[in-house]
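Notes for the one structure printed next.
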Amino acid sequence: MKKVGFIGLGNMGLPMANNIIKAGIEVKAFDLSADAMRRAEELGMATKNHASEVTENIDALITMLPNDKAVENIYLKEDLIEQISQNTIVIESSTINPEVSIKVSKKATEMNISMLDAPVSGGVKGAESGTLTFIVGGDEADLQKAVPLLDIMGDKTFYAGQAGAGQIAKLCNNMLLAIHMCGTAETIAMGVNNGLDPAVLSEIMKNSSGGNWSLEKYNPYPGVMKGAPASNSYSGGFLNSLMLKDLNLAEELAAQSKSNTPMGRLAKELYEELNNQGLEGLDFSSIQQNYLDS
Ligand code: NAD
């Protein structure tokens with residue numbers, strides 16, 4: 001890989017593209033925001049005036065966009081897919097509805113273009129340090145072609161299945177993450193309300209059958225875990241707004257597949273409440289605050 005196109009240079013996209021530049025690969029970049037374009041230029045990327053200019057003479061195109069609408073607009077309404085050469089591999093890394101991924105991927109297949117859905121886990125810190133996890137759907141042979149590039153931006157890649165499977169696996173994971181974070185927060189609060197020390201209770205549960213990722217790596221109770229967002233006024237980390245976005249997508253997926261997800265729905269309602277309180281800019285472990293206030 002010598003030349004990569006990158007569209008969507010926000011909190012995630014810019015550091016991902018920066019790691020590609022640092023690996024000695026030329027990056028042609030486009031974003032609607034003038035500020036993002038200025039920062040990309042400062043990092044040595046060749047900024048372009050339109051998405052279609054990014055696709056000229058590249059080995060791979062990566063998109064890291066905010067939502068379904070942006071992905072559909074770029075690939076289908078603006079017909080970007082028709083301007084991509086058949087030698088270019090397309091890696092769509094935004095978190096979106098799997099149906100949209102499948103729709104775009106079908107169009108790519110019609111045009112003989114290799115396309116992967118490759119949403120990520122690991123957040124802005126993972127994007128900066130090149131330690132993202134890619135969860136990939138599409139043709140497995142195409143994934144093998146993309147691995148050298150994904151390895152620059154991440155340290156783990158999982159193949160989930162055919163087109164859309166990467167998005168489905170990502171939404172399943174994030175729904176479960178929200179559920180065990182809410183469960184962990186409400187359980188610690190109940191222990192504290194009954195006189196237990198949150199750190200002692202967390203240690204007991206972590207090493208017992210209640211153990212889970214939120215307890216092990218991301219304790220939501222302030223002061224229990226050094227370095228966790230809870231011990232830093234819930235700043236940084238994975239924002240409540242993004243968790244709500246993913247839970248809404250998970251709910252759509254549940255409806256489309258007629259899956260019964262009462263816990264996922266409840267977690268979505270709890271995060272809706274938190275976002276409506278104006279706390280959309282805090283880390284998602286701040287769900288703990290709602291249990292402490294009651
Ligand atoms: P962001 O809002 O910071 O960045 C999105 C960028 O896309 C913005 O700079 C915006 O100007 C640009 N953009 C929007 N429409 C465009 C268009 N038509 N053409 C060109 N540029 C366009 O979002 P982010 O935090 O970087 O997230 C990007 C994606 O990654 C989202 O789908 C998000 O759900 C997912 N994600 C984010 C995180 C995280 O912690 N931020 C973690 C995992 C996954």
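We're numbering straight along the sequence, starting at 1. Remember, it's a predicted structure, so these values are computed and weren't measured experimentally. Order of listing sets the numbers, starting from 1, for every ligand and every atom in it.
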| field | Enumerated ligand 1 atoms positioned under 4.0 Å from heavy atoms of K245 | value |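 Taking each heavy atom of K245 in turn, ligand 1 has 31 (C), 32 (O), 33 (C), 34 (O) under 4.0 Å.
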| field | Atoms of ligand 1, numbered as shown, that sit under 4.0 Å from any heavy atom of M64 | value |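 Answer, ordered by atom number: 29 (C), 30 (O).
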| request: For the residue pair F238 and F284, categorise the inter-ring angle as parallel (less than 30°), tilted (30 to 60°) or perpendicular (more than 60°). | output: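 Perpendicular, since the angle between the ring planes exceeds 60°.
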Residue part near ligand 1, for [X], under 4.0 Å between non-hydrogen atoms:
X    : result
H50  : neither
N73  : neither
L239 : neither

Give me the residue, atom name and distance of the protein heavy atom closest to [atom].
atom                    : result
atom 9 (O) of ligand 1  : D31 OD2, 2.7 Å
atom 21 (N) of ligand 1 : L32 N, 3.4 Å
atom 2 (O) of ligand 1  : P66 CB, 4.5 Å
atom 37 (C) of ligand 1 : M12 CG, 3.6 Å
atom 4 (O) of ligand 1  : G10 CA, 3.2 Å
atom 43 (C) of ligand 1 : V120 O, 3.6 Å
atom 44 (C) of ligand 1 : T95 OG1, 3.7 Å
atom 41 (N) of ligand 1 : L242 CD1, 3.3 Å

| Under 3.5 Å: N/O of A36 near N/O of ligand 1 |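 No, since none of the N or O atoms of A36 sits under 3.5 Å from an N or O of ligand 1.
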| said: Looking only at side-chain N and O atoms, does E92 offer a donor or acceptor that is under 3.5 Å from a partner on S94? | reply: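 Result is yes, a qualifying pair exists.
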| said: Under a plain distance cut-off of 3.5 Å, with no hydrogens placed, do S33 and D35 share a side-chain donor-acceptor pair? | reply: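 Not at all, the side chains of D35 and S33 share no donor-acceptor pair under 3.5 Å.
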| request: Could you tell me whether R38 and E42 make a salt bridge, using a distance below 4.0 angstrom between a side-chain N and a carboxylate O? | output: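 Counted as a salt bridge, because a side-chain N and a carboxylate O are separated by less than 4.0 Å.
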| For atom 40 (O) of ligand 1, which candidate among G123, G8, P15, G122 holds the nearest heavy atom? |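 It is G123 whose heavy atom sits nearest to atom 40 (O) of ligand 1.
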| message | Counting only heavy atoms, tell me which of L65, T63, N11 gets closest to atom 28 (C) of ligand 1. | response |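 Answer by nearest heavy atom: L65.
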| About how many Å separate CE of M45 and CG of D31, when rounded to the nearest 0.5 Å? |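 These two atoms lie 11.0 Å from each other.
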| task | Output all residues satisfying salt bridge (Lys or Arg N to Asp or Glu O under 4.0 Å) with R265, sequence neighbours left out; order by chain, then residue number. | result |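 R265 satisfies salt bridge (Lys or Arg N to Asp or Glu O under 4.0 Å) with no other residue.
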| Residues that S101 engages under side-chain hydrogen bond (donor to acceptor under 3.5 Å, both in side chains), provided they are two or more places apart |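 Result, side-chain hydrogen bond (donor to acceptor under 3.5 Å, both in side chains) vs S101: none returned.
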| query | After noting the C-alpha distance and the side-chain angles of N212 and T184, does the key distance pass the side chain to side chain donor-acceptor pair (under 3.5 Å) rule? | reply | CA-CA 8 Å; N212 66 64; T184 299; 3.1 Å; yes
